[in-house]
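See structure below.
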Amino acid sequence: MNDFSDRVLSWFDENGRKDLPWQKPDAYGVWVSEIMLQQTQVQTVIPYYERFMQSFPDVVALADADLDAVLHRWSGLGYYARARNLHAAAGIVRDKHGGAFPSSFEDVVALPGIGRSTAGAILSLAFSQRHAILDGNVKRVLARHGVIEGWPGKSAVVKQLWQAAERHTPSKRVGAYTQAIMDLGATVCTRSNPGCSACPVNADCQALQHDAIERYPGRKTKQAKPLRQTTMVLAVSNDAVYLERRPAAGIWGGLWSLPELTDGEAGDWCWQTLNSRNSGIEPWATLRHSFSHFDLDIQPVVVRVAGTSRKVADGDDSTWYRIDDSPPGGIAAPVQKLLNTLKTGGHVQNS
DNA sequence: AAACCGGGGGC
DNA sequence: GCCCCAGGTTT
């Protein structure tokens, strides 16, 4: 029986893609592509990658660019935190590594946005150093082949997967192997309807032998989502609503939102925050918003602000937003919904 | 609608 | 070191 990596490499020589734009011994290009591929499929990434590399042909060009220009080039790929990390890391490479992408594992994994797997991918692909990788595709291949039980989010499970990854990683042709094992997971050992008959390691795939492919990798045991509650104030003065910018970190980071009331009541809030009396308080029906980890019940309360208190707001972090104007920035979906309701005047009142 | 995704960060 | 988070896409 051939070694695992030999079979994967032979399969790759026959079936793998070897002419992708980032498949060159250029660490910078490999890095950019790996970050893009963390979140997006190959076909989508290619045009973004080409444009990105034209705008920022090397790591110093990226470091010297304005973050806005980088985000603009990233626009459409989503997960903008990764573009911010890419830009920050480029600055570190320029300032701390003399503009040359580092080639030691410790230096690479220390860069923002690069963890163990991405560092392994870059170093094996660009520098032919023997490092294992463990992205979602590889996790699936290894969990099935070795019947590694449990959900890969659990540290005990991911530890076993890393051990298998290290064990299978060859010393020769390690860059080709990295590409090969990712391709295998992406095109053959797929989440649903895997092509086991075409798989180079089907002969000793434990899950296949037990006819239990669909059991691996293990799923997260889903638990009831917690329910949280908040009150959002729609402070209305003439045709404007008071908005606040949320802190950069956390939910809806940096987006504009309505002020939230954790305790106390809306009339006091109006007096304390806006130095204004109110001429009416009107609760609306609760609005439920679902996140991946919890549900949020929003209790909207409209507060009619008596007189004008415009001088209180209108800074970087708060503003009176005239509801017919274009918004001051990004607005979280449920907040937008409430603003639309306010604009059209229709709503269901609470009893 | 639910599963999935690598790294960051809080504890 | 463990667990959860954000903010998306794929199924």
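What you are looking at is a predicted structure, and each value in this text was computed from that prediction instead of being measured. Hydrogens, waters and symmetry mates play no part in the numbers below; they use all other heavy atoms, side chains included. Labels below follow one simple rule: chain letters A, B, ... track the order of the sequence lines, proteins then strands, and each chain is numbered from 1.
Shown for residues 72-82 of chain A: residues whose heavy atoms fall under 4.0 angstrom of DNA chain C, namely A:Y79, A:Y80.
With hydrophobic clusters built from ILVMFWY side chains whose heavy atoms lie under 4.5 angstrom apart, A:L62 does not share a cluster with A:Y79. A single hydrophobic cluster is not seen to contain both A:W320 and A:W271; linkage of ILVMFWY side chains at heavy-atom distances under 4.5 Å, directly or through other members, places them apart.
Both the sub-6.0 Å distance and the 45° axial angle are not jointly satisfied by A:R84 relative to the ring of A:Y80.
The side chain of A:S155 approaches C:dC3 more closely than any other nucleotide in the set C:dT10, B:dG6, C:dC3. For A:R191, the side-chain atoms get nearest to C:dT10 when compared with the rest of B:dC5, C:dC3, C:dT10. The side chain of A:N85 approaches B:dG8 more closely than any other nucleotide in the set C:dC3, B:dG8, C:dT10. The A:P112 side chain lies nearest to B:dG8 when the options are B:dC4, C:dC3, B:dG8.
Computed from coordinates, the A:L37 CG to C:dT10 C1' distance equals 16 Å when rounded to whole Å.
Distances shown here put every side-chain N or O of A:Q39 at or beyond 4.0 Å from the OP1 or OP2 atom of B:dG6.
Screening residues 135-186 of chain A for ring pair (Phe, Tyr, Trp, His ring centres under 6.0 Å), with sequence neighbours left out, gives A:F4-A:H145, A:F4-A:H168, A:H145-A:H168.
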A:Q179 vs A:Q23, side-chain hydrogen bond (donor to acceptor under 3.5 Å, both in side chains): CA-CA, chis, key distance, verdict: CA-CA 9 Å; A:Q179 191 68 61; A:Q23 288 180 327; 3.1 Å; yes
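Closest-nucleotide positions on DNA chain B for A:G115 and A:W151 were compared, and the one nearer the 5' end corresponds to A:W151.
Between C:dG1 and B:dG6, the distance separating the two P atoms is 23 Å to the nearest Å.
Counting only N and O atoms by type, the side chains of A:N137 and A:R140 include a donor and acceptor under 3.5 Å apart. For the residue pair A:Q336/A:N340, the side-chain donor-acceptor check at 3.5 Å is satisfied.
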Strand DNA chain B in bracket notation, Watson-Crick/G-U under 3.5 Å with | for pairs to another chain: |||||.|||||
